[in-house]
Amino acid sequence: MIKAPRGTRDLLPPDTALWNFVEAAVRDVFRAYNFQEIRTPIFESTELFARGVGEETDIVAKEMFTWEDRGRAESDKGQSLTLRPENTAGVVRAYIEHKLWDRGLNKLFYIGPQFRRERPQKGRFRQFYQIGAEVIGPASAGSESPARDAEILELLATLLDRLGIAGWTLELNSIGTPEDRVKFNDALRQALEPVTAQMCSDCQRRAITNPLRVFDCKVPEDQPIIEKLPRISQFLGESSRAHFAEVQEILKTVGVPFTLNDRLVRGLDYYTRTAFEFTHGALGAQNAILGGGRYDGLSEALGGPAAPGIGFAIGEDRLVMSMTESADSVARKPDVYIAPLGAGMNREAARLARELRRHDLVVDLGDESFRLKKSFEAADKMGARYILIVGENEVKAGAFALKHLASGEQNTIARGELAHRILQP
RNA sequence: GUGGGAAUAGCUCAACUGGCAGAGCACCGGACUGUGGCUCCGGCGGUUGCGGGUUCGAUUCCCGUUUCCCACCCCA
């Protein structure tokens, strides 16, 4: 039997109803904040991710689905393409390619699949779905303002609350400008030098390759050492410090709770200043439900003009997992199930179904070969509100037996009255 | 990529130290000719993930492999 490839899965009904419910709510919230949708290709030049996300990141170094395209001619080498492992780089590429700075501040959102060649576990898939947004534009359009950071965070709090996700935590940090980070990195390396030997093997490796990641260490024995290391907050320049303070002030003003976490670092190279993560307890080790931050230098790194930006990506799979809403409760059930009874009744049923559907009713129907009992069982199973019996007697009389399944109340209703009657709750 | 656990009917799970592969739910039919849910009766459903090995005999033991789960790495 051919199965879905490792780390991929089918989303089946009724789960798809829950996904659509989430996406509809998301679109609704984005609309309120004047975000507009963007759709970028599902694969891009490998170079985009190498330059945008960073050669040294795990994502680029070992988690991409990459292949060599064929050239136009036999002799052409063809270019290296990659299934997108995230969507920010693609959006910024589109920003540059279509000169979107002419539109001032761009507030864009996307919903779609991303691909990473990781080992699957709970809440982690090789094809997973992200809901994300990017606010990007020239600084003159206000793209750099702490008001944008706060707006994004407030939007996210609104969205999670709206979806009924209880118990989320917003963790917030500023990782400064690249210049701030250079100073911090130097200090960190200096502080680590004498103590590295006492730390776990992972930390010894991190101390050399990416000292920031030492803060991710979960080994208990290392914690006292880590506690004494310098923090990024001590190295923030005046502008980063003021920017971060204002973000916090706005959040307090609008009443979005957050906790400062100066050990929060982001894995992608393009992040600057504000960095954040929303976590949820019900997700096991993959407790990050969404993450994001500022990327003021990304556009330039991709060969575009200066275009500060901030964005986030929600793991839709994880978001759905942390919801308490059941898929069944959000699925729209048929208003009426039509039961044709006896030879020739499929035609009458089809005519009635067409009429009722024009009134925006959800209509399903059986088959004239079904015994009535079977039609009732089918109507019950799909959760229909009414069953409408279409037999010879009804057609002759021009009035039909309409039964409310929950109450058992049954009436004979004239054809012209049916839609009106069913529309009532 | 590293370490550990698991895989038996559509789903959730049984099957003693190796001895005829089962239950509940679901599905189909009947009891009940045009009236459902409840009940009762019957039926369908399996290469025990896949491939090898040991054995008279393997769901059970061994090896390999695939997938899932848990953790690490990292991230959404």
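These numbers were taken from a predicted model, which means no experiment stands behind them. Throughout, a chain's letter reflects where its sequence line sits, starting with A, and its residues are numbered from 1.
Residue-to-nucleotide contacts include a donor-acceptor pair under 3.5 Å from the side chain of A:R124 to the base of B:rC74. Side-chain N/O atoms of A:R318 and base N/O atoms of B:rC75 include a donor-acceptor pair closer than 3.5 Å.
Separating the CZ atom of A:F125 from the P atom of B:rU67 is a distance of 15 Å, rounded to the nearest angstrom. In this entry the distance linking CZ of A:F276 with C1' of B:rA76 reads 12 Å, nearest Å. Rounded to whole angstrom, the span from the CZ atom of A:R126 across to the C1' atom of B:rG1 amounts to 11 Å. Rounded to whole angstrom, the span from the CD atom of A:E63 across to the P atom of B:rG1 amounts to 11 Å. Between A:E277 atom CD and B:rC74 atom C1' the separation is 12 Å, expressed in whole Å. Note: CD (A:Q127) to P (B:rA76) measures 17 Å, nearest angstrom. Following rounding to the nearest Å, A:L12 (CG) and B:rA26 (C1') show an atom-to-atom distance of 16 Å. Per the geometry, CG belonging to A:L319 stands 10 Å off C1' belonging to B:rA76, to the nearest Å.
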- With side chain to side chain contact (heavy atoms under 4.5 Å, CB included) as the test, would you mind laying out the steps for A:F21 and A:L163 before giving the verdict? CA-CA 9 Å; A:F21 170 80; A:L163 289 173; 4.2 Å; yes
- Task: Quick one: do A:F109 and A:F35 satisfy ring pair (Phe, Tyr, Trp, His ring centres under 6.0 Å)? Show the steps, please.
- Result: CA-CA 6 Å; A:F109 77 92; A:F35 279 71; 7.4 Å; no
- Sugar-phosphate or base contact per nucleotide [nucleotides 30-39 of chain B; S, B, -; heavy atom under 4.0 Å]: S-S-BBBB--
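The base-pairing partner of B:rC32, taking Watson-Crick or G-U wobble contacts with both distances under 3.5 Å, does not exist among the strands shown. Nucleotide B:rU12: paired with B:rA23 (Watson-Crick or G-U wobble, both distances less than 3.5 Å). Of the nucleotides present, B:rU2 is the one that pairs with B:rA71 by Watson-Crick or G-U wobble criteria, both distances under 3.5 Å. The base-pairing partner of B:rU60, taking Watson-Crick or G-U wobble contacts with both distances under 3.5 Å, does not exist among the strands shown. In this structure, B:rU17 forms no base pair with any nucleotide, since neither Watson-Crick nor G-U wobble geometry is met with both distances under 3.5 Å. Checking B:rA76 for Watson-Crick or G-U wobble geometry (two distances, each under 3.5 Å) identifies no partner in any strand.
One C1' atom belongs to B:rG18, the other to B:rU59, and the distance between them is 10 Å to the nearest Å. B:rG36 and B:rC20 have their P atoms separated by 44 Å, with the value rounded to a whole Å. Across the C1' atoms, B:rG19 and B:rA9 are found 23 Å apart, a figure rounded to whole Å. Of the C1' atoms belonging to B:rG30 and B:rU17, the separation is 45 Å, rounded to the nearest Å. Annotation: B:rG52 and B:rC44 have their C1' atoms spaced 34 Å apart (nearest Å). Comparing B:rA15 with B:rC40, their P atoms are spaced 27 Å from each other, to the whole Å. If you take atom P in B:rG4 and the same atom in B:rA76, they sit 29 Å apart, rounded to whole Å. Here, B:rG45 and B:rC75 have their C1' atoms 42 Å apart, quoted to the whole Å.
Between the CG atom of A:N87 and the CG atom of A:L108 there is a distance of 10.5 Å, given to the nearest 0.5 Å.
The nearest pair of heavy atoms linking A:Y337 to A:S375 is CE2-O, 3.5 Å. The minimum heavy-atom distance linking A:V60 with A:F49 is given by the pair CG2-O, 3.5 Å.
Proximity note for A:R6 (side chain, C-beta onward) versus B:rC27, B:rC68, B:rC75: the nearest is B:rC68.
Residue A:A313 is classed as a sugar-phosphate contact, given heavy-atom separations below 4.0 Å to backbone atoms only. Residue contacts shown for A:G7 are limited to sugar-phosphate atoms, with no base heavy atom under 4.0 Å away. As judged by a 4.0 angstrom heavy-atom cut-off over every strand, A:R9 is placed among residues making no nucleic acid contact. The residue A:Q114 sits apart from the nucleic acid: no heavy atom pair falls under 4.0 Å.
Residue A:K107 is tested with A:E151, A:E37, A:E134 for a salt bridge (Lys or Arg N to Asp or Glu O under 4.0 Å); the sole match is A:E151. In summary, of the residues considered (A:R93, A:R84, A:R51), a salt bridge (Lys or Arg N to Asp or Glu O under 4.0 Å) with A:E44 occurs for A:R93 alone.
With the nearest nucleotide of RNA chain B identified for both A:G315 and A:K3, A:K3 has the one nearer the 5' end.
Contact annotation: A:K122 does not reach the phosphate of B:rC68 (side-chain N/O to OP1 or OP2, under 4.0 Å). Proximity of A:K381 to the phosphate of B:rA26: no side-chain N or O atom is located under 4.0 Å from OP1 or OP2.
Ion pairing between a basic and an acidic side chain is recognised when a charged N comes within 4.0 Å of a carboxylate O; A:D364 and A:K333 show no such pairing. We find that A:K373 and A:E377 are joined by a salt bridge, their nearest charged nitrogen and carboxylate oxygen being less than 4.0 Å apart. With respect to the salt-bridge test (charged N to carboxylate O, under 4.0 angstrom), the residues A:R273 and A:E144 qualify.
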